[in-house]
Every structure is written in structure tokens, then in C-alpha cells.
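The structure under discussion appears below in the form of C-alpha cells.
Only heavy atoms go into these numbers, but all of them, side chains included; no hydrogens, no water, no symmetry mates.
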Protein chains: 2
Amino acid sequence: MLKNRVKELRARYGFTQSELGKQVDVTRQTIAFIEKGEFSPSITLSLKLAKVLQVEIGDLFWLEEE
Amino acid sequence: MLKNRVKELRARYGFTQSELGKQVDVTRQTIAFIEKGEFSPSITLSLKLAKVLQVEIGDLFWLEEE
DNA sequence: CAAAAATGTTAAGTTTATATAACATAATGT
DNA sequence: ACATTATGTTATATAAACTTAACATTTTTG
């Protein structure tokens, strides 16, 4: 199962969903869906998010058992 | 632009495209498309590939300028 | 408190990832 | 040389990512 820390890290930087979306070229709804874990973004978008949030991509997204 | 080392690492382990595909639950054509750089796989598939190929995901896929 | 901004959520549409199938060529093994 | 296996490639179909739009609720701010 895919997990992520997008919401936590976005909050740490004080970005709104819209601001983060704009920085990685997606809409705020896409950010919301990712934060809810409703889908598995492309590696391209994932790498952009990791860059903006200044973490290794493996620390932003990971797979858990179950 | 998205780059990856899937082909190189698959060769290192001596896996065929079919074998690698089976290990990460996709078809050999999907592996072929990824190796050709024709699309940006999901983060879920990317994480599975990194696990099987025993590298950090950031060492398997990365973004380059232009 | 009232207004504005942010978030939650959902529906419908478009684009892209992935599957399935098919055929051709290259590489490997007997 | 022949048979088998791996790879290249392309077409069509389906599933999932992502967009756009809309409205409701929550949070923030004057």
C-alpha cells in the first residue's frame, strides 16, 4: 500500500494546496487526491514534489505491507 | 525530462523483460516502454522496480533539464 | 461576526499508463 | 541450420491519472 508525507511536509512549509500544485504544474484537486492517498501519481510528478518539498523521493512516498 | 537506469540494472541482474515484469506485476511491453522512456510510470510501479533492482528510487529515476 | 481564503468532495471529461495481442527481427541454444 | 527465447514495435482497448468546474464546509483574517 502506498503511503506519503505530502500533507505533513506541505504544512511544514506553509504552502496551500494551490501553491504546491502550481509549483509542480498540477491542480489543487490533484494535490488533495494525493494527500488522501486516492491515487498513485506518476514518477515525474512525484520527483517534482520531492524537489519542492526538499526530501528524497523515497522519504516522500513508500510502500507498506497490507 | 525523465531518465532511468532500468535497462542497465535489469541487464546487471540478467533478468529478461518478462521476468522483471512478472516480479513487479506488469507486462513485458510495459517494461519495454519504460526502458525506452516512452512514459512516466506510477510511483507505485517505480518503487516496486527499485526494490527488485535493489537501488534507491532516486537512483533509478530522475529528472534532467530539457 | 462577517468576509475571504483554504480545504473537502464529487461529477464529468481528457490524457496517459498499462494490458492484450500480434508480428517481425535478433539472439541463444541444440 | 533449426528451434526457441528475447526484444522491438505497433494497434486497439481499458483503467487510472489528471483537469475543470461546481458547491459545501472549515479555517483564517479584518
Side-chain angles (χ1 to χ4, degrees):
Chain A
M1 187 192 196
L2 183 66
K3 300 278 187 172
N4 76 78
R5 295 203 300 148
V6 173
K7 188 169 191 170
E8 169 199 343
L9 289 168
R10 176 174 63 79
R12 176 175 306 177
Y13 287 101
F15 295 145
T16 66
Q17 293 180 340
S18 292
E19 286 168 346
L20 180 57
K22 185 167 288 185
Q23 291 190 74
V24 298
D25 300 305
V26 295
T27 63
R28 72 174 186 87
Q29 286 89 334
T30 294
I31 300 297
F33 277 129
I34 292 170
E35 290 184 352
K36 277 178 70 187
E38 297 217 352
F39 60 58
S40 179
S42 69
I43 181 77
T44 298
L45 174 52
S46 304
L47 285 165
K48 288 181 184 177
L49 286 168
K51 185 169 189 180
V52 169
L53 298 174
Q54 301 183 50
V55 284
E56 290 298 314
I57 184 172
D59 292 326
L60 188 55
F61 293 94
W62 64 95
L63 293 174
E64 276 187 11
E65 315 309 317
E66 189 284 349
Chain B
M1 186 189 198
L2 183 67
K3 300 277 188 175
N4 78 77
R5 296 201 300 148
V6 173
K7 188 169 192 169
E8 170 199 342
L9 289 168
R10 175 175 64 79
R12 175 175 308 178
Y13 287 101
F15 295 145
T16 66
Q17 293 179 339
S18 292
E19 287 168 345
L20 180 57
K22 185 167 288 187
Q23 291 189 75
V24 298
D25 301 305
V26 296
T27 63
R28 73 173 185 87
Q29 287 87 339
T30 293
I31 301 296
F33 278 128
I34 292 170
E35 290 184 351
K36 276 178 71 185
E38 296 217 351
F39 58 59
S40 178
S42 69
I43 180 77
T44 297
L45 174 52
S46 303
L47 285 165
K48 288 181 182 176
L49 286 168
K51 185 170 189 179
V52 169
L53 298 175
Q54 300 183 51
V55 285
E56 290 299 313
I57 184 171
D59 292 326
L60 188 55
F61 292 96
W62 65 94
L63 293 174
E64 275 185 13
E65 312 312 316
E66 197 300 351

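Only B:Asp25, B:Val26, B:Thr27, B:Arg28, B:Gln29, B:Thr30, listed by number, bring a heavy atom of residues 21-33 of chain B to less than 4.0 angstrom from any atom of DNA chain C.
One atom, CD1 of A:Ile43, and another, P of C:dT18, lie 11 Å apart when rounded to the nearest Å. In this structure, CZ of A:Phe61 is placed 13 Å from C1' of D:dA17, rounded to the nearest angstrom. Remark: P of C:dT7 and CD of A:Glu38 are 17 Å apart, rounded to the nearest angstrom. Between the CG atom of B:Leu2 and the C1' atom of C:dT16 there is a distance of 14 Å, given to the nearest Å. One interatomic measurement links the two molecules: CG of B:Leu45 to P of D:dA16, which rounds to 14 Å at whole-angstrom precision. Atom CD in A:Gln17 sits about 15 Å away from atom P in D:dC18, given to the nearest Å. Whole-Å rounding puts the A:Ile34 CD1 to C:dT7 C1' distance at 15 Å.
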Chi angles and distances behind the side chain to side chain contact (heavy atoms under 4.5 Å, CB included) call for B:Leu49, B:Ile34 | CA-CA 11 Å; B:Leu49 286 168; B:Ile34 292 170; 4.2 Å; yes

Test log, rule side chain to side chain contact (heavy atoms under 4.5 Å, CB included), inputs B:Glu19 and B:Lys22 = CA-CA 5 Å; B:Glu19 287 168 345; B:Lys22 185 167 288 187; 5.8 Å; no

Output, in order, the C-alpha distance, side-chain angles, deciding distance and verdict of side chain to side chain contact (heavy atoms under 4.5 Å, CB included) for B:Thr30 and B:Leu45.
-> CA-CA 10 Å; B:Thr30 293; B:Leu45 174 52; 4.2 Å; yes

Passes side chain to side chain contact (heavy atoms under 4.5 Å, CB included), A:Thr44 versus A:Lys48? Steps please.
-> CA-CA 6 Å; A:Thr44 298; A:Lys48 288 181 184 177; 4.1 Å; yes

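Side-chain contact between A:Leu53 and A:Arg5 is absent, with no heavy-atom pair separated by less than 4.5 Å. In this structure, the side chains of A:Ile43 and A:Phe61 stay at 4.5 Å or more apart for every pair of heavy atoms.
For D:dG8, the OP1/OP2 oxygens have a side-chain nitrogen or oxygen of B:Lys7 closer than 4.0 Å. Taking 4.0 angstrom as the limit, A:Lys36 places a side-chain polar atom (N or O) nearer than this to OP1 or OP2 of C:dT9. For D:dT7, one of the phosphate oxygens OP1 or OP2 lies less than 4.0 angstrom from a side-chain nitrogen or oxygen of B:Arg10.
Taking a 6.0 Å sphere around CD of A:Glu38, one finds it holds more than 12 heavy atoms contributed by other residues, nucleotides or ligands.
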Give the dot-bracket string for DNA chain D, reading 5' to 3', where a pair is Watson-Crick or G-U wobble with both distances under 3.5 Å, ( ) marks pairs inside the strand, [ ] marks pairs crossing earlier ones, | marks a partner on another strand, and . marks unpaired.
-> ||||||||||||||||||||||||||||||

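Here the CH2 atom belonging to A:Trp62 is positioned 11.5 Å from the CE atom belonging to A:Met1, to the nearest 0.5 angstrom.
Nearest-nucleotide positions on DNA chain D place B:Ser18 closer to the 5' end than the other of A:Phe39 and B:Ser18.
With A:Arg10 contributing its side chain and A:Phe15 its backbone, the two residues share a donor-acceptor pair below 3.5 Å.
Of the candidate nucleotides C:dT18, C:dT7, D:dT7, C:dT18 has the atom lying nearest to any side-chain atom of B:Ser42. Of the candidate nucleotides D:dT7, C:dA6, D:dC18, D:dT7 has the atom nearest to the side chain of B:Thr16.
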